[in-house]
Structure formats: structure tokens, C-alpha cells
Amino acid sequence: MISVSEHRDAFLAAAAGAAAVAGSYLVTGWTPSFVVRPIDQALVNLTPGPIVTTAIETLGDAGHLIHIAMAVAVAAGLFAAVAFAGLRVAARTERRAAGVAVAGVGSWLLAAGLTGVSTGALGAALPAATVVGVGWLPSSATPSGDDPAAARNSSAVVDAVRRRTLGVVAGALGFVGAAAAARRALASGDDPLPDAPRSEGAAARLGELETAALSVESDDLHGMVSPIGEFYNVDIAEFDPEVTAGEWSLTFTGETGSDRTVDFDELIDRPVEHRAITLRCVGEDLNGPKLDNAVWTGTPIRPLLESIDPQGECDCAMLRGEDGYYVQFPVDVLADGFLAWGMNGKELPSGHGHPVRVLIPGHWGETNVKWLSEIELLSVEDDGYWEERGWEGTGEVKTVAKLWDEGITELGDGRIELAGHAYAGTRGIDRVEVSTDGGDTWTDADLSEALPDADVWRQWRHVFEPDGEREVVVRAVDGEGTLQTEDPTGSVPDGAAGWVRRTVG
Ligand SMILES: Nc1nc2c(c(=O)[nH]1)N[C@H]1C(S)=C(S)[C@@H](COP(=O)(O)O)O[C@H]1N2
Ligand SMILES: [Mo]
């Protein structure tokens, strides 16, 4: 039999659990010290690969929300269990302090154990202990069946107890809301990113790209450069690793003539370049939004690679990031790569691999390892994280011409402007062709000026006068004269192909 007071305790404990998670979030924000993170990571690791792949394909971003929601629920449940124990101890000993101690110390141990961060754990422990301390009532204050005096007033007492309990739970939920709001306010007040070391030339490159850009009617369309906050993001982990420039180093290991470790100061001392490089994710839909371009500040990998004398039968390397990500591809592809510490003139933001990531010209996004920590020269080929999950995304990108939703604009004089970006990796884009009659006739679109960069997208624009509904089709021809593949395929396993078709008018 569950007694009334056990019901009450379960209710209070659930509120304490929610308050503990909110308190942790308030103190740590969306960082590795947040108690939800290790639980989320465990859930992701425990989920079999095929399910992860299917979830990404069918649910997209909703898949992330689902596993975060599950992790939040598990975390709240664990803290609720600790708070429940605290309330029971208080009831058994008739001492509020004993319950507060169990809930407080227990939550602190749980949070510190999960995250390894002791001060941040106070954020979880204090709210949980407070709910237990304020919510618990001694048995003299609660109705009891065998006390005739209490039974006489019992309905008044029950009401008082109920009011008290609801008040505490409402207070806890109010705290959850306030913590989330306070966090958001703190985050929006964050300082803008500082300039990247040795980024002086980046502003000139950004200006050059702006000059090369087409002018288009739509305000919501990126020009030649994607702003840092709008550049797409693909991460295997829900939380970015926190690595300072001072802590960072890159180690070359495995089949080398001599191993080598490079630290941040040494890296930024090397010859600096500011390259425009476009990234596209192999997992995106044909006309999906995971295609962006930035000016990156960094240094070429080739001289570093030559200095370690790569050996090994497969001429291949495994790159690893601080988040546990890994990807393998040929050494001669790596040799054309770039180690970047700056993005659009600013320090590389944490979401894009702070402090150092690799950029591999012309290959799918997954080769561009963020938070890069190790390059291991292998003797035998091995699968990377995504290849273990069925993808074949380490090769060269396919040619694509996008017709963005935001790129379809009515001009007011009856005409319609169509605009987008086209990308073919290091092959470059020679031209973009547009058909407004379902593919019968084709016209060359206007293109942004060609740039010296080896691996950068081009903007395209085409204005036409619709007479009723039209099927618009867009296709690109790469710098080698090869027409974009017409037959549509999905993104699995090696990237979406086909011509983008839209009904307009
Ligand atoms: N360490 C690490 N590097 C990574 C990933 C990751 O999850 N972890 N995702 C890869 C994938 S699939 C893509 S498409 C690009 C995306 O880079 P972005 O998030 O800077 O746009 O990073 C690649 N590098
Ligand atoms: Mo990707």
C-alpha cells in the first residue's frame, strides 16, 4: 500500500528532480558540465548504428530533440530518486535536516559523478535540497488515521498540506522556467567572438568575396559568405568539446618516420593563408540547406605532413576529434588540406571546432574534422564513424545547383527571380542552366564572379516572366565540362544526386 505521504513525497521528488536539472543548466549552460550531457552521450552510444542512421534520415533534427528529451527525463528521474530518498529519511528520523542532507549531498554526488565537475554540481544540489527542505512536513503537521484530535481537523489539515505541496511544486516549476530564461539571457549577452590570431588579411578576402557576389532581390539569401551564426552544423555529440588554445595540440602518430606534436602557438606561427572553402554534408537532401561557405584562416597541412615522413601500406590516415569523432581517407587527399583556426576573420567558434579544425578541399563535409587532436597514419584501411554506419562520405562531392526556398522572389513587375548556389568542389562551377518549361529548353543563369579559390561555390540568378504555373529545373556544369547527374538518388550512402525541380508561379 502506498500511503498519502508517499504520494506527496513522489510529487515533491519529481519537482526536486526537475529543479535539479534546471539548476545545473543555469550554472553550466549547454556545456559538457551540464548533467544531461553524459546521459545523452550514453543514450547515443547505446543506440545501435542502424537506428542512429535511420533516425537521422527520417527524423532529421527531430531525432536530436527526441534523444535530448529522453536524456533530460532520465536525468530528472535520477535526481527525483535521490530527493525521494531524502524525504523518506526525513520522515523516518523526523528530522528535516537529515532529509535535506541526503537530498543535497546525494544530488551533489550524482551531479559531480556524472560530469566530473564539483562546483557546477552545486547548481543541481541546491535546488533539490531546497525543495526537500521546504516541502517536507513533520508527521505532527500531517493527518494521521489513529490520532483522534488530528482526525477531527483532518480536512482542514489536508487542505493546508495540499496547499503547501502545490506551492512548493509551483515554486520548483517556476524556478525551472526562470533558470531557462536566465540562461538564454546570459547566452545572448555573450561577447562577440574575438578576431582570430593573424587574421589581418581575412577582411580583404571577405571584401573580395562580397565584390564577386551577385546582387539578388531576396534579403534572406546568403551571398558568397555564410555568416558564422548561420553556417550549418553537423555534430555526432550534442555538446561541443571545450578545448582552449592553450590546451590544444595535434599529434601525428602511427606509421610515421618520426612522431610529432604541434601546439597552438607553433601552428599559428606557420605560413598563414585565408581561403574561401565551401562545405556540404553528404547526409543532406538534394535541395537541403547543409551547404555553406566561409573564409578560413589557417595553414596548409602538406609541409607538416612531409616533416613526419608518412609511411604505412595503405597510404591512408585516421583523423580524430576531441568529441570522439574519427574519419579515414587517403594521405594525398589530406596533404591538400588546411588547418584552420579562424572563420570569417574571427576565432573558430566552438560549434565549428574551436580551436582548430581541418578543411579538406572538394570532399564531403564529414572529412573536415573539428576539434582536431590526432592524425594517425595507418598501415591498413579502417572505417570512420559514418562509414561504420553505412555511409560512403569520404570521397569528392557531387555537383549540385540549389534553388533555395528564399531564392524565389516575385519582383513586383510580374517577373520572378530565381536564385541559389552551385557547388562542385575543386572541379569548380563553369555554368548553371535554368529551364522554366520542365527541361525542354535551357538558359544560362547569371553567375557570381569566378574566384581564385579552389573549392568555393558560385551564386546563380535567373529572372523570368511566368505565364501561369511553370516547372523550373536547375542544373550545373562543372569546371571539367561535366553536366550534373539527372537521375535522382537519396543521400545514402554517398550523397544526393539529381536536378532540383520546383513548381513556380
Ligand atoms: N569532430 C567532429 N568533426 C566533424 C563532425 C563531428 O561530428 N565531429 N561532423 C562532420 C560532418 S558530418 C560535417 S558535414 C562537418 C560539418 O561542419 P560544420 O558543423 O562546421 O558545418 O563537420 C564534420 N566534422
Ligand atoms: Mo556531414
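In each ligand, atom 1 is the first atom listed, and ligand 1 is the first ligand listed.
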Provide, to 0.1 Å, the distance between [atom] and the closest protein heavy atom, together with that atom's residue and name.
{"atom": "atom 19 (O) of ligand 1", "result": "K370 NZ, 2.5 Å"}
{"atom": "atom 24 (N) of ligand 1", "result": "N368 O, 3.0 Å"}
{"atom": "atom 21 (O) of ligand 1", "result": "Y232 O, 2.7 Å"}
{"atom": "atom 23 (C) of ligand 1", "result": "G365 O, 3.3 Å"}

Taking all atoms of both residues into account, what is the closest heavy-atom pair of W404 and G288, and its distance?
-> CZ3-O, 3.1 Å
Within the 4.0 Å heavy-atom shell around [X], which atoms of ligand 1 are there?
{"X": "C281", "answer": "14 (S)"}
{"X": "I236", "answer": "7 (O)"}
{"X": "W371", "answer": "1 (N), 2 (C), 8 (N)"}

Centroid-centroid under 6.0 Å between F329 and H363 rings = no
If I apply the N/O under 3.5 Å rule, does [X] come out as touching ligand 1?
{"X": "V234", "result": "yes"}
{"X": "R357", "result": "yes"}
{"X": "D323", "result": "yes"}

What orientation do W442 and W499 show, parallel under 30°, tilted 30 to 60°, or perpendicular over 60°?
-> perpendicular
For the residue pair Y25 and F34, does the interplanar ring angle fall in the parallel (under 30°), tilted (30 to 60°) or perpendicular (over 60°) class?
-> tilted
Ionic contact status for K370 with D235, cut-off 4.0 Å = yes
